[in-house]
Amino acid sequence: MPVKRLRPYPSPEQLHAMYGHAPHDHRLYGRGHDERVEATIALAKASISAWDRGVVADLSCGNGEIARRIAGRSTILGDLAPGYGIVGPIEETAARVGWVNVWVLSETLEHVDDPVAVLREIRPRASRLVLSTPLECWDDTNGEHLWSWDREGVEELLAEVGWLPTAFDQVDSRTYDEPYLYGIWACS
């Protein structure tokens with residue numbers, strides 16, 4: 001079972017209750033989230049040259065740490081929650097971004113209604129993608145997560161829209177009594 005829909009997309013009221021107050025800050029969610037952020041930054045820096053990391057976009061950026069730390073020249077930041085110049089669901093805001101060197105989708109794809117449509121919207125706008133998402137959470141009780149997949153399922157979604165994984169890493173937060181094994185990819 002490489003991909004599984006967990007629950008329907010939330011109503012606008014539910015979205016506002018989940019995300020409408022302030023962008024998420026990974027530092028509030030435990031050691032596994034911190035390790036995942038650090039591993040994502042390390043993978044991006046190791047697999048994408050500094051020159052190729054010039055302009056980085058992240059429209060589900062939370063506190064923006066990943067994009068800020070990997071960007072070579074500048075960042076384009078946004079989130080569903082207010083706090084940035086670009087505010088709203090990534091399904092609606094991605095089209096407002098021109099071409100960038102790197103697009104970050106960190107802990108985002110599992111939250112959107114149509115992951116393929118989001119990947120398809122981003123593909124012509126970036127030469128590289130940095131992606132992280134929980135893996136194999138078939139019975140995930142997090143009401144914000146709409147999808148679960150294994151590594152193969154994510155890589156099939158990426159291939160469907162023309163992204164080629166060039167590096168992979170994972171962080172297992174279950175060692176800290178947290179619920180997730182995170183997959184992290186750099187793609188071209």
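The structure presented is a predicted model; accordingly, all values stated were derived computationally and were not measured.
Two residues are said to be in side-chain contact when any heavy atoms from C-beta on lie closer than 4.5 Å; P2 and W149 fail this criterion. Counting heavy atoms from C-beta outward, L164 and C187 have side chains that stay 4.5 Å or more apart. A 4.5 Å side-chain heavy-atom check between Y180 and R36 finds every atom pair outside the cut-off. Between S188 and W163, every side-chain heavy-atom pair lies at or beyond the 4.5 Å cut-off.
The existence of a salt bridge linking E121 and R125 is confirmed by a sub-4.0 Å separation between a basic side-chain nitrogen and an acidic carboxylate oxygen. Under 4.0 Å is where a charged nitrogen must lie from a carboxylate oxygen, and between D113 and R5 at least one such pair does.
Both L158 and L146 are assigned to one and the same hydrophobic cluster, defined by single-linkage of ILVMFWY side chains at heavy-atom distances under 4.5 Å. At a threshold of 4.5 Å between side-chain heavy atoms, the hydrophobic network of Ile, Leu, Val, Met, Phe, Trp and Tyr places L135 and V171 in two separate groups. Cluster annotation: L43 and L131 are assigned to distinct hydrophobic clusters (Ile/Leu/Val/Met/Phe/Trp/Tyr, side-chain heavy-atom contacts under 4.5 Å, transitive). Transitive grouping of hydrophobic side chains (ILVMFWY, heavy atoms separated by less than 4.5 Å) keeps V112 and L6 in distinct clusters. With hydrophobic clusters built from ILVMFWY side chains whose heavy atoms lie under 4.5 angstrom apart, V118 shares a cluster with V116.
For the atom pair L80 CG and I90 CD1, the distance stands at 10.0 Å (nearest 0.5 Å). In this structure, OG on S60 lies 9.5 Å from CG on L109, to the nearest 0.5 angstrom. Expressed to the nearest 0.5 Å, how far SG of C137 lies from CG of L181 amounts to 7.5 Å. The line from CZ of R53 to CZ of R73 is 11.0 Å long, rounded to the nearest 0.5 Å. Distance CD/E110 to OG/S148: 9.5 Å, rounded to 0.5 Å. Rounded to the nearest 0.5 Å, atoms NE2 (H33) and NE2 (H24) are 9.0 Å apart.
When all heavy atoms are compared, the tightest approach of A71 to T75 is CB-CG2, 3.5 Å. For the pair R128 and S47, the tightest heavy-atom approach, listed with the atom from each and the gap, is NH1-O, 4.0 Å. Between V87 and R96 the shortest heavy-atom distance is O-NH1, 4.3 Å. Of all heavy-atom pairs between E107 and P134, the closest is OE1-CD, 3.3 Å. Nearest approach of L105 to I122, heavy atoms of both residues: CD1-CD1, 3.8 Å. Taking every heavy atom of both residues into account, V3 and G153 meet most closely at CG2-CA, 3.9 Å.
Pairs of residues two or more places apart, or lying in two chains, that qualify as ring pair (Phe, Tyr, Trp, His ring centres under 6.0 Å) and include a residue from residues 58-116 are Y19-H111, H111-H145.
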(message) Using the rule given for side chain to side chain contact (heavy atoms under 4.5 Å, CB included), can you reason through I184 versus Q170, listing the C-alpha separation, both sets of side-chain angles and the distance that settles it, and then say yes or no?
(response) CA-CA 6 Å; I184 307 165; Q170 59 187 32; over 6 Å; no

(request) Would you check, one step at a time, whether the test side chain to side chain contact (heavy atoms under 4.5 Å, CB included) holds for L77 with L59? (result) CA-CA 5 Å; L77 300 177; L59 297 188; over 6 Å; no

(request) Take W185 and E155 through the test side chain to side chain contact (heavy atoms under 4.5 Å, CB included) and record every step on the way to the result. (result) CA-CA 9 Å; W185 291 261; E155 291 178 358; 2.8 Å; yes

(message) As a quick check of understanding, evaluate side chain to side chain contact (heavy atoms under 4.5 Å, CB included) for T133 and V154, giving each step before the final call.
(response) CA-CA 9 Å; T133 188; V154 172; 3.9 Å; yes

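Checked against salt bridge (Lys or Arg N to Asp or Glu O under 4.0 Å), D114 has no partners two or more places apart in sequence or in another chain.
The hydrophobic cluster around I41 extends to V37, I48, V56, I66, I70, V102, V104, V130, counting ILVMFWY residues whose side-chain heavy atoms fall within less than 4.5 Å of a member.
T175 and D172 share no donor-acceptor pair across their side chains, judged by distance under 3.5 Å alone.
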